[in-house]
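Here the structure comes first, spelled out in structure tokens, and everything after it is commentary.
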Amino acid sequence: MIKKVSTGMIRAMKACGEKIAALTAYDYPMAKMLDEAGIPLLLVGDSVGMVVLGYPDTTHVTMAEMEHHVAAAARAKPNALLGGDLPFKSYETVDAAVSNAKRLVAAGAEFVKAEGGREVLPQVKAIIAAGIPFCGHLGMLPQHVLEEGGYHIKGKVEAEHQRLLDDAKLLAEAGAFAIVLELVTPPVAREISQALQIPTIGIGSGQDCDGQILVTHDLVGGFPWFTPRFVKPRAHIAGNIKSVVGEWKNALQTPPTTA
Ligand code: KIV
């Protein structure tokens with residue numbers, strides 16, 4: 001029997017050198033498929049806003065939308081550990097962070113993730129003190145896209161490198177069970193991974209993180225209008241869907257022949 005994955009098991013994977021595979025799942029069938037494929041860590045990311053809800057970036061995603069998608073994915077009752085993102089502006093204060101983290105847990109999340117380091121540390125500590133497992137997110141922070149004017153690689157300059165390393169240590173000391181490193185230069189991602197006891201889960205941050213996370217739509221070619229440079233799609237399901245429905249439509253015009 002496959003065991004329910006816990007945060008302790010995710011941490012233990014780093015300790016025994018097993019790479020952690022993590023993917024996004026925003027609904028019941030995807031959570032069920034990824035779970036059946038043996039993915040141990042699933043995230044209802046706020047990327048749902050871009051690849052499912054049609055927003056230009058993640059800053060439009062609301063708590064109600066996150067609850068809706070977390071609940072859908074949780075209905076799959078995965079053995080995988082299932083987490084949900086705290087969306088833009090939902091953790092500006094300690095009180096808001098704790099009450100919104102509790103809402104995601106009530107919807108079915110087993111951990112929450114929020115973006116940032118020292119600037120959100122009081123919120124992170126309060127979430128963990130409330131008994132909710134927390135995953136950090138450092139490097140390029142998509143919820144800051146408007147103020148930063150785009151999605152930029154982090155860690156290229158020394159001050160950024162040092163800040164990332166210090167923030168990662170602060171999150172780990174605060175009790176985060178893992179940290180996503182997004183678009184961090186590979187040498188800095190490697191250094192952070194080596195410096196921490198808890199696992200790093202990289203996205204566009206090189207091969208030396210303790211695990212990798214991708215937006216599932218990017219991996220399977222489900223959002224063909226934009227694919228991040230660091231992803232090589234392993235399927236082209238959008239193309240497959242278009243050709244299958246095209247064939248079905250054409251077949252409607254051809255009446256079946258009778259013998
Ligand atoms: O929103 C998201 O899907 C994420 C991951 C890709 C890390 O934050």
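A quick note: this is a predicted structure, and the numbers were derived from the prediction, not measured. As the structure lists them, so they are numbered: ligands from 1, and atoms in each ligand from 1.
- Between the side chains of E65 and H68, no donor-acceptor pair of N or O atoms lies under 3.5 Å.
- Numbered from 1 in the order shown, with element, the atoms of ligand 1 that lie under 4.0 Å from a heavy atom of T24 read 3 (O).
- Rounding to the nearest 0.5 Å gives a distance of 9.0 Å between CE of M30 and CG of L23.
- Atom CD1 in I201 sits 10.0 Å away from atom CG in L43 (nearest 0.5 Å).
- Set against the non-hydrogen atoms of D46, the atoms of ligand 1 under 4.0 Å away are 1 (O).
- With a 4.0 Å heavy-atom cut-off, ligand 1 is reached by the side chain of D85 but not by its N, CA, C or O.
- Annotation: side chain of C135 is in contact with side chain of V180 (closest heavy-atom distance under 4.5 Å).
- Under a 4.0 Å criterion applied to the non-hydrogen atoms of H137, ligand 1 contributes the atoms 8 (O).
- A donor-acceptor pair shorter than 3.5 Å cannot be found between the side chains of Q143 and H137.
- The part of L43 lying near ligand 1 is the side chain, judged by heavy-atom distances below 4.0 Å.
- One side chain, D57 or T59, offers a donor N or O that lies under 3.5 Å from an acceptor on the other.
- With ligand atoms numbered from 1 in the order given, ligand 1 contributes 1 (O), 2 (C), 3 (O) to contacts under 4.0 Å with heavy atoms of G45.
- Of the protein's heavy atoms, S47 OG, 2.5 Å lies nearest to atom 3 (O) of ligand 1.
- Those atoms of ligand 1 with a heavy atom of I203 less than 4.0 angstrom away are 6 (C).
- Set against the non-hydrogen atoms of K113, the atoms of ligand 1 under 4.0 Å away are 4 (C), 8 (O).
- Here the side chains of V145 and F88 are not in contact, with every heavy-atom distance at 4.5 Å or above.
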